[in-house]
Amino acid sequence: MARILITSAIPYINGIKHLGNLVGSQLPADLYARYMRGRGHEVLFLCATDEHGTPAELAAAKAGKPVAEYCAEMWSVQKELSDGFRLSFDKFGRSSSPQNHALTQHFAGRLADAGLIEEVTEKQVYSNADGRFLPDRYIEGTCPNCGYDKARGDQCENCTKQLDPTDLIEPRSAVSGSTDLEVRETKHLYLKQRSLRGELSDWIDSKTDWPILTTSIAKKWLNDGDGLQDRGITRDLDWGIPVKKGDADWPGMEGKVFYVWFDAPIEYIACAKEWTDATGKPDADWERWWRTDKGADDVRYVQFMGKDNVPFHTLSFPATIIGSGEPWKLVDYIKSFNYLNYDGGQFSTSQGRGVFMDQALEILPADYWRWWLLSHAPENSDSEFTWENFQASVNKDLADVLGNFVSRVTKFCRSKFGEQVPSDGAWGDEENALIEKLQSGIAAYETQMEAIEVRKAANELRALWALGNEYLQGAAPWSVFKEDPERAAAQIRLALNLIRVYAVLSAPFIPDAAAKMLSSMNTLDTEWPGDVKSALTALPEGHAFTVPEVLFAKISDEEREDWQTKFAGVRT
RNA sequence: GGGCCUGUAGCUCAAUUGGUUAGAGCAGAGCGCUCAUAACGCUUUGGUUGGGGGUUCGAGUCCCUCCGGGCCUACCA
């Protein structure tokens with residue numbers, strides 16, 4: 001039995017996430033976690049909300065609430081939605097937790113002791129009206145290059161020229177519109193990533209099995225221009241983790257907090273402590289996942305994220321860990337995803353475009369979304385959600401192929417043999433041929449799942465479902481029954497058992513439907529079908545079952561058109 | 001501007017890393033079945049692999065070039 005640590009990129013706190021966010025990290029991470037648990041491995045699956053930074057403060061202000069209160073509320077909302085999508089986190093933590101405060105300060109202290117922190121005095125734009133320093137992109141003005149009047153302080157969206165906020169003509173605050181801006185000096189801590197470049201580079205080079213998307217981004221940051229740059233790890237904000245050197249104050253850094261990208265990945269670790277603290281377990285229970293000197297040396301650590309997160313997970317966070325000089329577990333494999341587009345454009349949280357997690361669950365059960373999103377996961381390139389494709393895929397795969405299989409088998413049995421697994425009769429060549437196909441199909445499914453090839457795994461699973469229908473067509477128990485009821489009994493006994501096998505195989509993708517299949521088969525046996533032949537005898541002769549309700553109702557054209565219209569505009 | 005990814009059948013995607021005649025699912029067509037959510041099965045029509053050039057015995061795959069789509073470019077996260 002292996003031990004697998006799984007983390008999903010932690011979703012930002014400032015609102016409900018859309019389906020693109022979901023499929024880019026949390027959902028495939030959940031698929032993998034459920035699969036590995038199903039195979040009998042020990043899994044720790046962690047996620048949290050990412051709560052610090054300027055956007056959180058502004059969102060709270062917009063909502064008219066103190067930022068701590070706002071974040072607590074949004075955490076509850078996101079928790080409820082992740083439950084709704086059946087995301088099986090062992091702990092859904094918060095980057096604002098006391099555990100993360102302590103650990104982040106601890107890491108900063110270690111890095112300072114190692115000589116990897118530098119104090120830098122720099123100039124930043126301060127908005128008097130807003131009472132805050134403004135990140136470059138929160139300053140707007142006229143582009144000196146092209147004259148575009150909504151250029152941002154980091155870059156002009158119109159002519160793509162990179163800018164400095166002081167380049168802008170008539171700069172103003174993007175928050176309030178105020179032009180009462182001034183340049184102030186402020187002191188910040190920088191993590192001297194440059195001195196870790198060699199170690200990071202060697203480490204990345206050793207990861208020959210990582211996706212191209214992941215390593216190419218990392219190598220670009222390592223080698224582009226002057227190479228990896230030092231990075232500011234503090235900010236002038238109210239909401240965040242106060243800058244401290246371990247337990248001790250950090251002279252000159254009073255009133256400042258750590259940069260959100262410094263503390264957010266550390267929450268992966270702190271979340272594990274949140275988990276043991278909440279369940280009354282000793283620290284040793286989380287340390288055996290994270291400390292290679294305390295049992296984590298046999299852990300395989302897999303991270304899931306969208307491509308925009310890759311630099312922080314391949315460089316910044318490893319720099320923090322390596323620089324600490326302590327034996328923390330480094331990531332073994334990074335699975336990164338491209339973006340999901342919505343009907344010809346991008347999903348957009350800020351513009352309210354697309355389908356959001358709460359809306360999705362209002363119109364259909366989680367399994368529908370899980371199946372479509374995972375079977376169309378944007379692994380090699382960006383992919384696109386359209387209502388037509390969604391309707392067609394879900395109706396065909398879930399309702400016609402899988403759902404109808406369960407339906408036709410259980411109803412036929414009920415009408416001919418009653419609601420119990422029929423006795424008598426023996427398997428013949430057709431059954432052996434089916435078993436052989438199932439055995440190799442399951443092996444193919446396992447291969448794709450181990451490799452975290454999400455779409456390919458979905459294809460293999462679908463092919464396994466189709467085998468059931470092919471078998472029934474060939475065996476034709478409805479005809480056989482007339483001449484040889486015992487033979488038909490053997491066929492249906494196999495088919496009923498196949499429903500249980502499908503439930504176990506399908507649970508990582510569609511956990512609710514899988515649970516329904518198991519309960520209608522009246523069994524708690526979720527053992528992985530390693531040996532198909534014996535797995536198909538798990539439900540013995542005479543075992544009672546019930547015919548389930550329709551597993552997946554089809555999406556009608558009217559519904560689809562209705563949703564197309566409803567989601568055509570922007571969310572208000 | 002620079003870097004990276006990407007373009008394969010009407011649609012969504014494969015193609016064992018340069019190796020037979022480029023394959024699946026959906027949609028379309030035909031046949032079959034009648035247990036089932038009008039579901040299922042079998043057969044089948046669709047491709048000058050974005051255009052052009054090159055390397056090679058051999059190119060979807062490698063090189064050059066042009067065209068289209070996307071991402072990143074370090075103070076949004």
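Protein chains get the first letters and strands the later ones, always in sequence-line order, with residue 1 at the start of each.
Listed pair A:Arg414 / B:A36 fails the phosphate criterion, with no side-chain N or O lying under 4.0 Å from OP1 or OP2. Side-chain nitrogen and oxygen atoms of A:Lys219 include none within less than 4.0 Å of the OP1 or OP2 phosphate oxygen of B:C72. For B:A39, one of the phosphate oxygens OP1 or OP2 lies less than 4.0 angstrom from a side-chain nitrogen or oxygen of A:Lys554. Under 4.0 angstrom from either OP1 or OP2 of B:U37 there lies at least one side-chain N or O belonging to A:Lys411. At the phosphate of B:C72, OP1 or OP2 sits under 4.0 Å from a side-chain N or O atom of A:Tyr339. Residue A:Arg137 places at least one side-chain N or O closer than 4.0 Å to OP1 or OP2 of B:C76.
The side-chain ring of A:Trp478 is stacked on the base of B:C35, judged by centre separation under 5.5 angstrom and plane angle under 30 degrees.
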Residues 369-376 of chain A side chain polar contacts: donor-acceptor under 3.5 Å, at least two apart:
from     : atom 1 : to       : atom 2 : distance (Å)
A:Trp369 : NE1    : A:Ala360 : O      : 2.9
A:Arg370 : NE     : A:Phe509 : O      : 2.9
A:Arg370 : NH1    : A:Asp30  : OD2    : 2.9
A:Arg370 : NH1    : A:Phe85  : O      : 2.8
A:Arg370 : NH1    : A:Arg86  : O      : 3.4
A:Arg370 : NH2    : A:Asp30  : OD2    : 2.7
A:Arg370 : NH2    : A:Pro508 : O      : 2.7
A:Trp371 : NE1    : A:Asp397 : OD2    : 3.0
A:Trp372 : NE1    : A:His376 : ND1    : 3.4
A:Trp372 : NE1    : A:Asn389 : OD1    : 2.9
A:Ser375 : OG     : A:Trp371 : O      : 2.7
A:Ser375 : OG     : A:Trp372 : O      : 3.2
A:His376 : ND1    : A:Trp372 : O      : 2.9
A:His376 : NE2    : A:Asn389 : OD1    : 3.4

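Taking every side-chain heavy atom of A:Asp136 into account, B:C75 is the closest of B:C75, B:C76, B:U73. With B:A77, B:C72, B:G70 as the candidates, the nucleotide lying closest to the side chain of A:Pro55 is B:A77. Comparing B:A77, B:A36, B:C33 by their closest approach to the side chain of A:Phe312 singles out B:A77. Residue A:Arg235 places its side chain closer to B:C75 than to any other of B:C75, B:G41, B:C72. Picking from B:U34, B:U37, B:C40 the nucleotide with the shortest atom distance to the side chain of A:Ser479 gives B:U34. Taking the side chain of A:Asp50 as heavy atoms from C-beta on, and the options B:A77, B:C35, B:A74, the nearest nucleotide is B:A77. Side-chain atoms of A:Gln124 lie closest to B:C75 of the nucleotides B:C75, B:G70, B:A39. Comparing atom distances between the A:Leu551 side chain and each of B:C35, B:U37, B:A15 picks out B:U37 as nearest. Here the side chain of A:Trp221 is nearest to one of B:C72, B:C75, B:A77, namely B:C72.
Taking the six-membered ring for Trp, A:Phe417 and A:Phe481 have ring centres closer than 6.0 Å. You'll find the ring centres of A:Phe317 and A:Phe312 outside the 6.0 Å limit. For A:His188 and A:Phe258, the ring centers sit 6.0 Å or farther from each other.
In this structure, A:Lys307 is positioned above the aromatic face of A:Tyr339, its NZ or CZ under 6.0 Å from the six-membered ring centre and within 45° of the axis. With a 6.0 Å cutoff to the six-membered ring centre and a 45° limit on the axis angle, A:Lys335 counts as a cation-pi contact of A:Phe337.
Listed by first residue number, the stems of RNA chain B with at least three Watson-Crick or G-U pairs below 3.5 Å are B:1-7 with B:67-73, B:10-13 with B:23-26, B:28-32 with B:40-44, B:50-54 with B:62-66.
Contact of A:Asn404 with B:A36 (side chain to base): a donor-acceptor pair of N or O atoms is detected under 3.5 Å.
Between the P atoms of B:A38 and B:U45, the separation comes to 30 Å (whole Å). If you take atom C1' in B:G25 and the same atom in B:C64, they sit 36 Å apart, rounded to whole Å. Between the C1' atoms of B:U21 and B:C62, the separation comes to 23 Å (whole Å).
Whole-Å rounding puts the A:Ile139 CD1 to B:C76 C1' distance at 13 Å.
A donor-acceptor pair under 3.5 Å is absent between the side-chain atoms of A:Thr214 and the main chain of A:Trp210, judged by distance alone.
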So which protein N/O to nucleotides 44-46 of chain B N/O distances come out below 3.5 Å?
none

Protein-nucleotides 9-13 of chain B N/O pairs under 3.5 Å:
from  : atom 1 : to       : atom 2 : distance (Å)
B:C13 : O3'    : A:Arg455 : NH2    : 3.3

Protein-nucleic acid N or O pairs under 3.5 Å, nucleotides 24-29 of chain B:
from  : atom 1 : to       : atom 2 : distance (Å)
B:G25 : O3'    : A:Arg462 : NH2    : 3.1

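Sorted by residue number, the members of residues 258-265 of chain A with any non-hydrogen atom under 4.0 Å from RNA chain B read A:Tyr259, A:Val260, A:Trp261.
In this entry the base of B:G46 is syn relative to its sugar, with a glycosidic angle within 90° of 0. Glycosidic conformation, B:U8: anti, with the torsion outside 90° of 0.
Salt bridge status for A:Asp205 with A:Lys219: present, with a side-chain N to carboxylate O gap under 4.0 Å. The existence of a salt bridge linking A:Arg493 and A:Asp424 is excluded, since no basic side-chain nitrogen approaches an acidic carboxylate oxygen closer than 4.0 Å.
Heavy-atom minimum distance, A:Leu364 versus A:Phe390: CD1-CE2, 3.5 Å.
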